[in-house]
Amino acid sequence: MEILKSAIATELAAQSGFAAAGLDAQKIAENLSRPPKPEMGDLAFGCFKPAKDLNLKPNELASRAATGFAPGSHHALVQSAQAAGPYINLRLNRAAAASHVLAAIETTTVGQDPEQWRFGNSDEGDGKTLVIDLSSPNIAKPLAVHHLRSTMIGYAIKRIREAQGWRVVGVNHLGDWGTGFGKLIAGLKKYFPEIGKRAEAGDAKPLGDMSVAELNATYARFSAESKENEDLAEAGRTEFAVLEQHIEALIGGTRAAAGAHGEANFRIWQHTRELSLAEFERMYAHLGLSFHQWPVVDQQHARVLNAQPDNFYRDHCLYVGESYYVAAEDLCRRIIADAVANKVAEESEGALVIFTHGKDKPPLMLVKDDGATSYHVRDLAAAIYRHRHWHANELAYVVGGEQKWHFEQLFKALGLLGHEWSSQCMHIEFGLMMFQQADGKWAKTSTRRGTAIMLEDLLDEAVKSVREIMAAKNPELAASADAERIANAVGVGAVVFNDLKNGRRNNVKFDWDAVLDFEGESGPYMQYQFVRMGSVLNKFKQACGNLDNHDYPPYFKTRYSSGPDLDLDLSAGDAALLALPEEWAILQLLADFPAAVARASREYEPSIVARALIDLAGATSTWWSATKDTRIVGENANLSLARVRLVNAIRKVLGRGLTLLGMSLVERM
RNA sequence: GCGCCCGUAGCUCAGUGGAUAGAGCAUCCGCCUUCUAAGCGGACGGUCGCUGGUUCGAUUCCAGCCGGGCGCGCCA
């Protein structure tokens, strides 16, 4: 409706009743809404707010403004206006409205590449840059289901923002630094002495082919033992201190090198990072994301980055681990020095802290009492780096709501350090992934306690279910060469859509049955409606090419039966023939789509797009059934052409929406 | 105890201060010779947690309570 509202408001503003009441197009557009029942009208003007401004009773304004309404030409969008209490119910020239909507979609969605379907795009963000922190898993821990949230919510926001004209830099703030790595190194050396020996001997791959699960288990085992044993805890702290000293010496800091011990720890850490990334890559590829190490060193990508930065940042997110700010930029120590010099930081209980919210609230910790930097410093460094390097207008962090306090402190600290742009930092919080325990209660997931479900297992399970359903419902396709690609797209899409369809702040109670339920408001349902629309387009082309079909005029045959698949010039379709209430319902939803994308962008809320698609797909399916008898592509050639225009529009809006959410499309399923 | 998030149908959730609060799942009843039934229609299902307040009007805004979740100084 949004793309119709301004045109309608302009028409109404020219009406004597509205003009006499001093209502301009802007004011009218703001108060247009859809009546609860279609028989009341196609659109309604609510008089509450304008009446208040004019010191009138809403009912009075409604009857005054509606009086003397005279429709313009027969092309005018508004056909009649009738006061109904505090509302003015409007009836539209649906044919004109339909034509308006379809033309808007057709001119912005040329071709078959969903990335070029620009309906719903805007130039709101032109020239602006958003740096968005997404996914950000910890090294040496496997990706579990809850990592899906940050990854896919972040990725969807990235794509939605890009559709609004923004340059969006996706940053994977890998948890690859911190005292935990001291425990891991100490554990590896304790339980697998040969690893320590290989590292000391200069082996660049001291861990062999150890899996991330094994690394995690080693960490967990050592962590548990060191709780009982202070010597082990001390060993962990030492290993990390040595690692940090080694890296700081590498970048020419003030600290002395840590010798062979430091080199060995560095090798273990680097290999841990490599092994972890290799495993993450597999998952990201599944989900359709691509990450590059930052800074970009390989020539091919560096060229793209230099020549076409927008393309580069659109196609790739970046790995910028926490260690980057320690190892490459030395930003951490400079921030600490700066904070001390400006008396923002102070010493407290042996640590260096910033009291961001007064003395009675826990402070933000810069340096711990063992001399190691805390992750807060690295987050400060990351924010400053992102703002400086990418000239970011906004910094967004897609991180779970349990870290809300951390980000409040972080942004406040940035402000205290003199960065006035801290007000442009946003924590895009999302709800926790909860698992049902044996006692029936729901609790936060824990990789350590083994209650988390591995992301890979979930995706595999979803793809497997899709394969089974495909084998039962579409055996021919299941046996074809496309089967695996389609099963992947539909299965992964099911998991992704399931995660994005609800408001991001809600906690998610993980439920296998719900994730693998492919009926109703599900990813496969969305894909299915998209596939149906494609089938109709193919059917239409066949019908036009069929010489026995005498009802189709000759020009149909030449015009539509050839050419690239699904690429049809439908301008001859007469929108006035779309007279079914189901068709009008769809046209309204199509018209609403751009506003949904814009709002999703503003509110960092992909579920708004997902909901718009659920509504559109539902209305489409209802229409599909309502046309069972006449068919969409039926006996009446001109009616069929008009309906095919609608099918084409639905397909492209659905397809665009799904790709905005980070899903891949399929033509059959 | 303090702070933040949440509370809408049996379950999972939409709902931008406005007309009679909507979906999906589950249950029950119908609908496949046709462009894919991963579908469609219908039935059943609500003191919008409670109590006040603001407002012409509150599920929506405010306050207090109740219930659930998360966080609260050296994990990230």
Side-chain angles (χ1 to χ4, degrees), chain A residues 31 33 35-37 40 44 46 48-49 51-52 57-58 84-87 89 136 138 173 175 177-180 183 223 322 348-353 357 360-370 372 374-376 378-379 399-406 408 429 431-432 434 441-444 466 469-470 472-474 477 490 494 501-503 505-509 511 513-514 517-525 527-529 531-540 542-543 595 599 607-608 611 614-615 618 621-629 631-634 640 647 668-669:
Chain A
N31 291 289
S33 62
K37 296 280 176 191
M40 294 168 159
F48 303 100
K49 278 180 205 131
K52 194 166 198 171
K57 286 194 161 66
Y87 289 93
N89 288 332
S136 305
N138 290 328
H173 190 66
W177 203 247
T179 46
K183 287 187 198 171
S223 180
E322 289 186 72
S348 168
E349 295 174 31
L352 187 69
V353 302
H357 291 71
D360 54 339
K361 296 261 171 65
L364 177 142
M365 181 153 309
L366 294 177
V367 184
K368 300 188 275 192
D369 59 11
D370 62 0
S374 117
Y375 78 110
H376 295 96
R378 300 188 287 277
D379 275 357
V399 179
E402 69 268 33
Q403 292 199 45
K404 184 146 190 161
W405 173 242
H406 163 63
E408 275 180 30
E429 66 193 291
L432 275 78
M434 315 274 284
K441 286 195 170 181
W442 293 87
K444 187 182 168 181
V466 171
I469 295 171
M470 204 161 44
K473 295 183 187 271
N474 198 341
L477 180 61
V490 175
K501 72 177 175 186
N502 292 324
R505 283 187 180 81
N506 295 337
N507 286 347
V508 176
K509 295 176 181 166
D511 177 2
D513 292 340
D517 180 1
F518 297 160
E519 292 174 8
E521 297 172 343
S522 68
Y525 179 94
Q527 301 270 24
Y528 186 58
Q529 306 312 326
V531 166
R532 277 176 157 178
M533 296 303 103
S535 296
V536 173
L537 296 186
N538 283 324
K539 169 76 185 297
F540 179 70
Q542 276 170 26
R599 195 157 71 88
S607 69
I608 294 170
R611 288 283 153 195
I614 287 172
D615 292 342
S621 196
T622 298
W623 177 53
W624 175 278
S625 300
T627 55
K628 269 288 176 199
D629 296 332
R631 318 297 288 173
I632 293 170
V633 176
S640 297
V647 164
R668 296 181 295 165
M669 66 188 276

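Below, read A as the first sequence line, B as the second, and so on, with proteins coming before strands; counting in each chain starts at 1.
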Does [Y] offer a backbone N or O that forms a donor-acceptor pair with the side chain of [X] under 3.5 Å?
X: A:Ser348; Y: A:Val353; value: no
X: A:Asn507; Y: A:Gly431; value: no
X: A:Lys501; Y: A:Glu521; value: yes

Taking donor-acceptor contacts at under 3.5 Å, does the side chain of [X] reach the base of [N]?
X: A:Asn89; N: B:A19; value: yes
X: A:Tyr375; N: B:A76; value: yes
X: A:Ser348; N: B:G73; value: yes

Checklist entry - Contact class for A:Ser136 vs. all strands (heavy atom < 4.0 Å): base, sugar-phosphate, or nothing? => result nothing
Mind calculating the distance between [atom1] ([X]) and [atom2] ([N]) to the nearest angstrom?
X: A:Lys444; N: B:C6; atom1: NZ; atom2: C1'; value: 17 Å
X: A:Asn474; N: B:A38; atom1: CG; atom2: P; value: 9 Å
X: A:Glu519; N: B:A37; atom1: CD; atom2: P; value: 13 Å
X: A:Leu432; N: B:C5; atom1: CG; atom2: P; value: 15 Å

Is any side-chain nitrogen or oxygen of [X] closer than 4.0 Å to OP1 or OP2 of [N]?
X: A:Lys404; N: B:G71; result: no
X: A:Lys361; N: B:C2; result: no
X: A:Lys539; N: B:U36; result: no
X: A:Ser621; N: B:C40; result: yes
X: A:Lys368; N: B:A76; result: yes
X: A:Tyr525; N: B:C40; result: yes
X: A:Ser625; N: B:G39; result: no

Next on the checklist: Determine whether A:Val490 and A:Met470 satisfy the following criterion, side-chain contact (heavy atoms from CB on, under 4.5 Å), listing intermediate values before the conclusion.
Outcome noted: CA-CA 10 Å; A:Val490 175; A:Met470 204 161 44; over 6 Å; no
Checklist entry - Does A:Asp615 or A:Thr622 map to a spot on RNA chain B nearer the 5' end, using the closest nucleotide for each? => result A:Asp615
Next on the checklist: Judged by each residue's nearest nucleotide on RNA chain B, which is more toward the 5′ side, A:Gly503 or A:Trp624?
Outcome noted: A:Gly503
Item to check | Close side-chain approach of A:Trp623 and A:Val647, heavy atoms under 4.5 Å | outcome: yes
Checklist entry - Are A:His173 and A:Val399 close enough that some pair of their side-chain heavy atoms sits under 4.5 Å apart? => result no
Item to check | Each stem that RNA chain B is part of, given as range with range (3 or more consecutive Watson-Crick or G-U pairs, under 3.5 Å) | outcome: B:1-7 with B:66-72, B:10-13 with B:22-25, B:27-31 with B:39-43, B:49-53 with B:61-65
Checklist entry - Base of B:C32 relative to its sugar, syn (within 90° of 0) or anti? => result syn
Checklist entry - side-chain contact (heavy atoms from CB on, under 4.5 Å) between A:His357 and A:Trp405: does it pass, once the steps are laid out? => result CA-CA 11 Å; A:His357 291 71; A:Trp405 173 242; 3.5 Å; yes
